[in-house]
Amino acid sequence: MTAVKCYYEVLDVSRDASDDELKKNYRKLALRWHPDKNLDNPEEAKAQFQLIQQAFEVLNDPQERAWYDQHREAILKGGLGGDYEDDSFDVFPYFTSSCYKGFGDDDKGFYAVYREVFNKIAAEEIDIYREEESDSEFEIPGFGTSTSDYEEVVHAFYGFWQSFSTKKSYAWMDEYDTRQAENRRVVRAMEKENKKARDKARKARNEQIRALVAFVRKRDKRLELHKQKLAEKAKENALKVEQNRKKQLAERKKLLEDANNSAHLNMDNMEGVLKEIEQNLTAEFGRDEESDEDEDEPSGMFCVACNKSFKTDKAFANHENSKKHKENVAFIKATMIQEEEELQCEDIESNEVKESDETVDDDEDHTEVGYELLKEDIEEEEIVEEETASASSKKKKNKKKQAPRVRLDSSDVAIEDLEDVGMSKKQRRKKEAQAKQSNKSTEDAVADVEEASGEVNDGEEPEQVPVPKSKGKRAKAARKAEGSEKKTVEPSEVVKLKNLRAS
């Protein structure tokens with residue numbers, strides 16, 4: 001069976017070559033291997049020319065090129081489906097300790113055997129890794145020897161192989177050829193089944209390699225030596241930490257001792273300096289009497305309630321919890337509250353006296369003016385009554401004359417009720433006595449007027465006699481006051497409400 005050659009190698013281009021590069025190399029190779037230009041070896045030239053044409057036809061078509069890229073590995077291995085067998089390196093014989101003898105570097109030793117195994121696995125993957133990484137110098141870490149350094153070789157090897165993931169496409173595991181599909185729906189179904197088969201094979205290969213790495217790592221003596229070194233290093237670090245801790249404690253202890261010694265020295269020096277300053281001040285300014293009095297006063301804690309002094313805080317605290325101290329404190333609080341209430345009462349009484357004095361002065365002024373006006377009204381009414389009596393006697397008519405009556409309007413009551421507001425009992429009694437006297441004088445005046453007037457005859461209407469207006473300043477003032485009072489007459493209900501408020 002002849003080996004299958006890659007179409008990219010046939011055209012001498014890379015796998016990511018453009019269409020222009022493909023056409024350019026195809027023309028060059030076609031001219032070189034054309035049968036007419038190779039008459040010396042026509043059979044080889046014909047086979048090579050046909051292969052070049054076949055490679056260009058596949059890679060020049062985008063769909064054919066995409067399919068070829070997906071199945072390239074299967075094609076190179078000899079076909080698709082069950083036409084060939086997987087030639088991947090079999091690792092199962094190396095899952096036993098009988099495959100090596102000893103842990104040396106000889107041909108049958110542990111490190112030589114597994115170094116060869118991992119080199120073969122890496123050879124299968126290196127080309128694909130370099131293509132994906134776009135790095136032609138990429139190298140997979142090797143297993144190393146029994147004396148290899150842990151950081152440079154061992155750690156790098158296990159770091160890569162413990163998370164190994166194969167880059168093979170496993171296209172040879174496809175069950176269906178998508179080129180034979182009738183429509184796109186069938187193509188998608190075929191691709192889905194092929195993908196499942198590829199993923200399954202890839203997962204099985206990854207698990208095989210990782211299990212082999214775990215088997216080798218468990219028996220690798222280099223890891224045991226490294227663990228011992230780490231344990232020794234940890235002990236050394238713990239010793240260093242303990243030594244540093246003890247050293248720091250000793251240094252802190254020494255610093256505290258030095259600080260205490262310096263503090264004692266400073267206090268001794270400070271006392272000497274203060275005494276010297278005090279002596280200088282007394283020598284210059286003399287001794288202060290107030291300072292002597294302060295020195296005589298007892299030092300420590302002092303209880304104001306019990307008038308006692310204590311040397312220590314503990315003694316003072318015990319005294320505060322005593323029964324006698326609590327009684328004294330309660331007595332002082334009660335006396336202070338009583339004094340405060342008495343002061344408040346005195347302030348209230350003084351304010352009431354001031355307000356009552358002011359109201360009495362106002363009331364006296366109003367009552368004096370009212371009495372003068374009332375007296376003037378009575379005098380004027382007496383004059384008017386005398387004039388009417390003289391006029392009736394001259395005419396000698398047997399007609400009953402209507403006499404003017406003194407009318408007390410509701411405004412007078414309202415004014416008096418308003419004046420009673422804010423008056424003390426003593427002032428109200430005095431005002432009532434004066435009112436009784438004035439009422440008595442007015443009643444006597446009315447009785448005199450009625451006696452002077454005659455009786456009216458039966459069936460005759462009384463003749464209204466014009467009342468002459470008295471002249472003078474007092475009469476004018478009285479008429480003016482009477483007019484203003486009549487204008488400001490309030491209803492009886494308002495007067496009753498004001499009397500209720502005043503009471």
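What you are looking at is a predicted structure, and each value in this text was computed from that prediction instead of being measured.
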Chemist: Take Lys253 and Asp258 through the test side-chain contact (heavy atoms from CB on, under 4.5 Å) and record every step on the way to the result.
Modeler: CA-CA 9 Å; Lys253 188 175 181 181; Asp258 295 339; over 6 Å; no
Chemist: Please name the pair of heavy atoms, one in Ser14 and one in Asp16, separated by the smallest distance, quoted to 0.1 Å.
Modeler: OG-OD1, 2.7 Å
Chemist: Could you grab the distance from atom OH of Tyr26 to atom CD of Gln53, nearest 0.5 Å is fine?
Modeler: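 Nearest 0.5 Å value for the OH-CD distance: 4.5 Å.
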Chemist: Does some side-chain heavy atom of Phe89 sit less than 4.5 Å from a side-chain heavy atom of Val117?
Modeler: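 Side chain of Val117 against side chain of Phe89, heavy atoms only: contact under 4.5 Å found.
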Chemist: Hey, what do you get for CG (Asn237) to CG (Leu230), rounding to the nearest 0.5 Å?
Modeler: 10.5 Å
Chemist: How close do Asn206 and Ser165 get, counting heavy atoms only, and between which atoms?
Modeler: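 Taking every non-hydrogen atom into account, OD1-CA, 3.4 Å.
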Chemist: Count the heavy atoms belonging to other residues, nucleotides or ligands that lie under 6.0 Å from CZ of Phe103, then report whether that count exceeds 12.
Modeler: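 Count over threshold, so yes.
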Chemist: Is there a donor-acceptor pair under 3.5 Å between the side chain of Asn25 and the backbone N or O of Leu11?
Modeler: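 Yes; at least one donor-acceptor contact below 3.5 Å.
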Chemist: Show every side chain to side chain donor-acceptor pair (under 3.5 Å) that has at least one partner inside residues 321-345, sequence neighbours left out.
Modeler: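 Qualifying pairs, neighbours excluded: His319-His325.
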Chemist: Is there a donor-acceptor pair under 3.5 Å between the side chain of Asn194 and the backbone N or O of Tyr176?
Modeler: yes
Chemist: What closest approach, in Å, do Pro35 and Ala45 show between heavy atoms, and which atom pair accounts for it?
Modeler: CA-CB, 4.4 Å
Chemist: State whether the side chain of Asp12 and the backbone N or O of Tyr8 hold a donor-acceptor pair below 3.5 Å, judged by distance alone.
Modeler: no
Chemist: Set out, in order, the CA-CA distance, both residues' side-chain angles and the distance that settles side-chain contact (heavy atoms from CB on, under 4.5 Å) for Phe143 and Asn119, then state yes or no.
Modeler: CA-CA 8 Å; Phe143 187 65; Asn119 286 339; over 6 Å; no
Chemist: What are the two closest heavy atoms between Asp107 and Ala112, and how far apart are they?
Modeler: O-CB, 4.0 Å
Chemist: So, Asp220 and Arg222, do they make that salt bridge, N to O below 4.0 Å?
Modeler: yes
Chemist: I'd like to know whether CG of Asp90 has more than 12 heavy-atom contacts from other residues, nucleotides or ligands below 6.0 angstrom.
Modeler: yes
Chemist: Nearest 0.5 Å, please: how far is CD1 in Ile337 from CD1 in Ile332?
Modeler: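 The CD1 atom of Ile332 sits 12.0 Å away from the CD1 atom of Ile337.
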Chemist: Is any side-chain heavy atom of Tyr150 less than 4.5 Å from a side-chain heavy atom of Leu223?
Modeler: yes
Chemist: Going through the distances and angles, do Arg184 and Arg188 end up as a side-chain contact (heavy atoms from CB on, under 4.5 Å)?
Modeler: CA-CA 6 Å; Arg184 292 186 64 83; Arg188 292 194 187 97; 3.8 Å; yes
Chemist: Using 0.5 Å steps for rounding, measure from the OG1 atom of Thr282 to the CD1 atom of Ile277.
Modeler: 12.0 Å
Chemist: Let's go through Asp199 and Lys195 carefully: what are the C-alpha distance in whole Å and the side-chain angles of both, what is the deciding distance for salt bridge (charged side-chain N to carboxylate O under 4.0 Å, His left out) to 0.1 Å, and is it a yes or a no?
Modeler: CA-CA 6 Å; Asp199 293 342; Lys195 185 176 182 299; 3.0 Å; yes
Chemist: Going by the rule ring-ring contact (aromatic ring centres under 6.0 Å, His included), which residues pair with Tyr158 if we only count those two or more places apart in sequence or in a different chain?
Modeler: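 Tyr158 satisfies ring-ring contact (aromatic ring centres under 6.0 Å, His included) with no residue once adjacent residues are dropped.
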Chemist: Give a yes or no on whether the backbone of Val186 and the side-chain of Asn183 come within a donor-acceptor separation of less than 3.5 Å.
Modeler: yes
Chemist: Determine, stepwise, if the pair Arg245 / Glu242 fulfils salt bridge (charged side-chain N to carboxylate O under 4.0 Å, His left out).
Modeler: CA-CA 5 Å; Arg245 189 180 67 82; Glu242 185 65 21; 2.5 Å; yes
Chemist: Tell me, do Tyr114 and Cys99 make a side-chain contact under 4.5 Å, heavy atoms counted?
Modeler: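 They are in contact (side-chain heavy atoms under 4.5 Å apart), so the answer is yes.
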Chemist: Is Glu251 atom CD crowded by more than 12 heavy atoms from other residues, nucleotides or ligands, each under 6.0 Å away?
Modeler: yes
Chemist: Go through the steps for Glu125 and Arg205 under the test salt bridge (charged side-chain N to carboxylate O under 4.0 Å, His left out), then give the verdict.
Modeler: CA-CA 12 Å; Glu125 304 281 344; Arg205 184 62 176 176; 5.4 Å; no
Chemist: Taking side chain as C-beta onward, heavy atoms only, is Glu124 less than 4.5 Å from Lys120?
Modeler: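 No - every pair of side-chain heavy atoms lies 4.5 Å or more apart.
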Chemist: Does NZ or CZ of Arg115 lie under 6.0 Å from the centre of the six-membered ring of Phe118, at an angle within 45° of the ring axis?
Modeler: no
Chemist: How about Tyr100 and Tyr111: are their ring centroids closer than 6.0 Å?
Modeler: no
Chemist: Please report the closest heavy-atom contact between Val13 and Glu21, naming both atoms and the distance.
Modeler: CG1-O, 4.3 Å
Chemist: So does Arg15 have more than 12 non-hydrogen atoms from other groups sitting under 6.0 Å from CZ?
Modeler: yes
Chemist: Take the angle between the ring planes of Phe310 and Phe316 and call it parallel below 30°, perpendicular above 60°, tilted in between.
Modeler: perpendicular
Chemist: Quick one: are Leu59 and Glu64 in side-chain contact, heavy atoms under 4.5 Å?
Modeler: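 Contact flag for Leu59/Glu64 side chains = no.
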Chemist: Let me confirm one number: the NZ-CD1 distance from Lys167 to Ile126, rounded to the nearest 0.5 Å.
Modeler: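 One finds 12.0 Å between NZ of Lys167 and CD1 of Ile126.
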Chemist: Checking Asp20 against Ser18 for the side-chain hydrogen bond (donor to acceptor under 3.5 Å, both in side chains) test, could you report, in this order, the C-alpha distance in whole Å, the side-chain angles of both residues, the deciding distance, and whether it holds?
Modeler: CA-CA 5 Å; Asp20 294 336; Ser18 62; 5.1 Å; no
Chemist: Going by heavy atoms in the side chains, are Arg217 and Gln162 under 4.5 Å from each other?
Modeler: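 With C-beta onward as the side chain, the pair touches.
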Chemist: Spell out, as yes or no, whether a donor-acceptor pair under 3.5 Å connects the side chain of Asp105 to the backbone of Ser146.
Modeler: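 Indeed, once roles are kept as given, a pair shorter than 3.5 Å links the two residues.
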Chemist: Would Lys168 and Arg202 count as a side-chain contact (heavy atoms from CB on, under 4.5 Å) here? Give the steps.
Modeler: CA-CA 8 Å; Lys168 293 180 181 179; Arg202 190 181 294 111; over 6 Å; no
Chemist: Enter the distance from Leu249:CG to Lys246:NZ here, rounded to the nearest 0.5 Å.
Modeler: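 Those atoms lie 9.5 Å apart.
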Chemist: I need the minimum non-hydrogen distance between Cys306 and Cys303, along with the two atoms involved.
Modeler: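 Answer, listing the atom of Cys306 first, then Cys303: N-SG, 3.4 Å.
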Chemist: Between His34 and Phe49, how do the two ring planes meet: parallel, tilted or perpendicular, split at 30° and 60°?
Modeler: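 His34 vs Phe49 ring planes: perpendicular.
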Chemist: From the options Trp161, Phe164, Phe160, select the one residue that forms a side chain to side chain contact (heavy atoms under 4.5 Å, CB included) with Val213.
Modeler: Trp161
Chemist: Salt bridge between Arg198 and Glu193, side-chain N to carboxylate O under 4.0 Å?
Modeler: no
Chemist: Would a 4.5 Å heavy-atom cut-off, applied to side chains only, mark Arg65 and Leu22 as touching?
Modeler: yes
Chemist: Just so I know, are the side chains of Ile121 and Val91 near enough to count as touching, which here means a heavy-atom distance under 4.5 Å?
Modeler: yes
